[in-house]
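Here is the structure we will look at, set down as structure tokens.
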Amino acid sequence: MALSRPTSLILRRPEAARSQKMSHRSNSLGAYDTRTAPTKLSPKQGSLAANLMGLGSGYSAAPTGPRPGSPVVKSVHHPGTTLSHVVFGELISFVHATLHRALHEESADQAPAKLFQLGAGQELDHYLAILEAMASTAFPQLLDALLSWRRGQNPIEPELTAKPSRARPANAAAEDQAERIRERATIFIDFFFCHVLLRLLKAPNCKLTDDAARHLARLCMANMLLEESLPHTPAADAAAIAELFSRVFGALTQLRFLPVTKTFLDELERRENPDALPPGLVLGARFVMLRLYPMDELDRSFGFLKSCLRFSATAKTAEARAPWSAMFAELLRPVAAAAKSEVNVPAVRSVMLSLLPDALELLKRKKHAPESITFLTTVLAVSTREVFLEHWPGFVVHLIGCLKHKPVVQLAALECLAKLLWVYVIRVRGESNQAVEGRLRAIVDPVFPLPPRPVLPDAPLHFFTHMAATIAVEYQEFVFSNIIVPLLTLETAAKTLHPERAIIALRTLLAVIARQEHREGPPPFEPADDAARRLGKPTQPTPFAPLGSDALRRLRMDSVIRDVRPLLARLVRALDFAAVRGFMLGSEAAKPRDEGGERRRLGELLVMVLHVVPRLYPLEQGHSELVEFLCRCSLHTDAAVRALAATVLTGMVRALPMERASLLSAHLQLTTSVALDGPAACTDVALGVLTQMVSGWVDTLAQPDEDERPAPANGGGTRSGASTGGAANAGAGAG
């Protein structure tokens with residue numbers, strides 16, 4: 001059913017001044033007039049706090065009575081009432097001024113989030129923080145003021161059963177322009193309304209009554225279908241506001257789960273045709289938070305899922321069942337991420353067994369492939385161990401086949417493979433070593449192909465890092481021998497260097513080292529999580545603290561790192577010719593050129609190598625060769641590469657007292673050649689790096705007890721290994 005969207009935003013001027021008693025009503029907030037709004041709010045329009053305090057004599061909204069079904073909050077004098085009215089009134093003044101600027105002065109297609117600069121520490125963020133702090137003691141007053149203000153902007157409450165008017169007046173062009181402005185104003189008003197309401201609901205000791213929760217739930221459900229009611233609004237803006245109302249609906253369930261979910265189920269019950277349910281209404285419940293504890297909360301949460309299953313089972317067409325599968329997947333995703341062990345509870349087990357046939361049936365349809373594989377992955381992740389082990393091998397074969405489809409299906413399949421691996425390695429255990437190796441190889445071989453074949457093109461690299469780091473939690477040697485070493489191996493006959501392969505290997509290597517050093521837990525369940533994106537991806541320069549033999553034995557990595565260091569040395573040589581020598585300052589090849597994908601990946605690989613070298617000092621590579629590589633990197637055209645290389649050289653000066661003279665000599669020789677042949681800017685950069693190295697040496701001499709103590713031998717077998725053993729053992733945990 002389509003929605004009727006209120007668009008009347010008329011600013012009313014009172015016939016006479018309000019009485020002192022009437023001005024204390026919280027529903028006397030001013031409404032914004034989209035037709036005659038002045039450039040700057042006049043004193044009569046300005047301080048809505050004055051209106052609320054009974055001091056204003058200018059513009060204010062006509063008092064509106066309670067609407068059918070809306071909660072009635074009586075005006076009670078409360079110590080926090082006056083303060084909440086003042087703060088809320090000033091906030092409304094700011095919103096009205098911003099709204100006028102959006103409608104009459106700035107670009108008409110500017111997004112609400114960009115206009116209000118939400119999250120950038122601007123004025124609206126400060127107001128929201130104040131309201132959230134006040135909501136713990138004055139929540140009813142603030143909620144009443146917010147609802148009254150919205151009613152002043154939209155005098156007609158939206159109804160789920162109303163239909164939009166299709167009649168066009170004679171002056172259709174003028175009416176369309178006015179309608180666009182009104183819809184634009186409505187988008188901004190609802191954006192502000194949802195964000196304020198979300199902050200109020202997050203406040204501790206939030207006293208939300210059942211009646212208020214039902215009213216807000218009906219309001220959210222009515223606004224989940226905005227695209228049908230705003231024909232002149234871009235679909236992206238309407239979808240963003242609909243998602244905000246869905247998030248408000250989810251926040252309401254955290255405070256009043258039963259009243260809010262019953263309102264949603266009653267609306268579904270009222271609909272006669274289950275195949276005609278709007279997808280937006282079904283997906284609007286995807287932010288409902290299901291609780292696993294205590295037991296009463298778990299029963300209520302999965303009781304709601306059972307009720308939704310009853311409605312989804314009546315849908316006959318695939319188009320009608322696809323929104324339900326997407327909603328179930330979103331609802332169960334937090335459950336799968338939070339459960340660290342098998343969820344073998346009768347309430348959960350019965351729901352999962354009911355969902356499994358629908359998920360398997362939907363998997364046979366190619367039209368909704370991303371939704372179907374995501375749905376089945378989530379169901380298997382929450383199911384019992386027996387159900388998972390029974391169905392996941394065949395599902396993995398299906399996902400491997402999906403890697404050859406179009407990009408949207410490829411990304412969905414890759415994400416599902418990462419989640420299934422996490423469940424199998426972290427949560428489901430107990431299979432024999434031979435069975436585990438067979439399961440892992442079935443995924444690793446096609447996802448991480450042998451050289452010189454590249455990995456899946458255009459796929460986010462953190463998906464691959466997440467999979468490798470997950471396997472390394474329990475099977476570290478398998479990861480080194482079957483993922484890291486093959487990815488770092490360079491074929492002699494290969495004409496193309498695939499930088500994404502080496503990036504994945506180096507990020508996995510740093511992630512494994514960090515987890516072993518800091519005794520961290522496994523990666524998160526979601527490969528798209530922020531923590532998963534940062535796996536093995538340093539955000540700051542890595543201190544020069546190479547891992548010596550003692551540190552590697554303590555981390556149980558001495559044998560595997562022995563195989564990795566020669567490959568890293570060979571990669572440094574190849575990268576020196578591919579991305580350093582021809583891109584130094586003053587070089588002809590360093591002139592601006594088209595930044596293609598391969599050039600960008602080579603830059604990312606060079607940065608990763610400069611992060612790995614301080615931890616895995618390549619003992620088999622000649623010392624002078626590595627120093628020359630770092631010196632050339634310090635004169636690279638990329639400023640980030642120059643800064644990292646200078647940091648590594650300075651760290652080497654600090655940590656290797658026996659090599660300081662040779663380090664400075666090598667860089668001084670490069671600086672001399674640059675000064676003779678290169679431009680002046682290149683000479684300035686080289687002298688700056690040399691100055692930084694000398695300053696590091698001087699700072700080290702000022703602290704002889706900490707930085708220049710004798711370095712114990714660690715059996716490295718070379719002069720570089722012997723000189724770095726003490727620094728490695730002293731700073732093994734600093735990386």
Side-chain angles (χ1 to χ4, degrees), residues 25-30 48-49 52 66-67 70-76 78-96 98 112-113 116 118-119 121-154 157 188-224 240-257 259-260 263 284 287-289:
R25 291 174 56 92
S26 62
N27 60 359
S28 62
L29 295 172
L48 293 177
L52 289 166
R67 303 195 175 273
S70 62
V72 179
V73 182
K74 295 182 179 180
S75 179
V76 180
H78 186 274
T81 302
T82 300
L83 180 60
S84 63
H85 283 174
V86 170
V87 175
F88 191 78
E90 294 298 330
L91 174 58
I92 295 302
S93 299
F94 162 73
V95 171
H96 282 186
T98 307
F116 284 106
L118 193 64
Q122 298 299 322
E123 191 170 359
L124 181 59
D125 293 309
H126 298 315
Y127 276 123
L128 293 180
I130 294 173
L131 289 178
E132 183 179 354
M134 295 172 57
S136 58
T137 56
F139 177 80
Q141 292 81 7
L142 290 173
L143 179 61
D144 183 33
L146 182 63
L147 291 174
S148 300
W149 171 78
R150 190 177 184 277
R151 284 197 298 268
Q153 312 308 308
N154 302 295
E157 289 286 354
F188 282 95
I189 289 167
D190 284 343
F191 176 86
F192 165 76
F193 172 79
C194 290
H195 276 287
V196 173
L197 189 54
L198 283 172
R199 295 298 288 265
L200 295 182
L201 295 175
K202 290 180 181 178
N205 303 323
C206 181
K207 300 178 181 179
L208 181 67
T209 63
D210 290 350
D211 291 339
R214 294 188 189 96
H215 170 70
L216 292 174
R218 286 191 292 269
L219 181 64
C220 291
M221 288 189 297
N223 288 274
M224 289 174 185
I241 300 301
E243 181 179 344
L244 280 177
F245 276 104
S246 300
R247 293 185 180 276
V248 173
F249 187 86
L252 291 172
T253 59
Q254 299 185 34
L255 299 174
R256 290 292 183 268
F257 187 85
V260 175
T263 304
F287 294 109
V288 174
M289 182 62 69

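Values reported hereafter were calculated over all heavy atoms of this structure, with side chains retained and with hydrogens, waters and symmetry mates removed. We count residues from 1, following the sequence as given.
Counting only heavy atoms from C-beta outward, the side chains of Leu208 and Leu143 approach each other to under 4.5 Å. Side-chain contact check for Val95 versus Tyr127: every heavy-atom pair is 4.5 Å or farther apart.
Counting only residues at least two apart or in different chains, side-chain hydrogen bond (donor to acceptor under 3.5 Å, both in side chains) contacts with residues 197-207 comprise Glu132-Arg199.
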Self-check item: side-chain contact (heavy atoms from CB on, under 4.5 Å) assessment of Thr98 paired with Phe188
Solution: CA-CA 9 Å; Thr98 307; Phe188 282 95; over 6 Å; no
Exercise. Applying side-chain contact (heavy atoms from CB on, under 4.5 Å), run through Thr263 and Met221 and close with a yes or a no.
Key: CA-CA 9 Å; Thr263 304; Met221 288 189 297; 3.5 Å; yes
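In this structure, CE on Met289 lies 12.0 Å from CG on Leu255, to the nearest 0.5 angstrom. For the atom pair Leu244 CG and Leu198 CG, the distance stands at 7.0 Å (nearest 0.5 Å). We find the CG-SG distance between Leu142 and Cys206 to be 10.0 Å, quoted to the nearest 0.5 Å.
Of the candidates Leu147, Leu219, Leu216, Leu216 is the only one forming a side chain to side chain contact (heavy atoms under 4.5 Å, CB included) with Leu197.
Shown here are the ring-ring contact (aromatic ring centres under 6.0 Å, His included) partners of Phe193, two or more places apart in sequence or in another chain: there are none. Shown here are the side chain to side chain contact (heavy atoms under 4.5 Å, CB included) partners of Ile130, two or more places apart in sequence or in another chain: Val87, Met134.
With Arg256 contributing its side chain and Thr209 its backbone, the two residues share no donor-acceptor pair below 3.5 Å.
Between Phe88 and Phe192, the ring planes are tilted. Angles from 30° to 60° get that label.
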Pairs of donor and acceptor atoms involving the side chains of residues 245-253, under 3.5 Å and at least two apart or interchain, shall be tabulated with distances.
from, atom 1, to, atom 2, distance (Å)
Ser246, OG, Ala242, O, 3.0
Arg247, NE, Glu243, OE2, 3.4
Arg247, NH2, Glu243, OE2, 3.0
Thr253, OG1, Gly250, O, 2.5

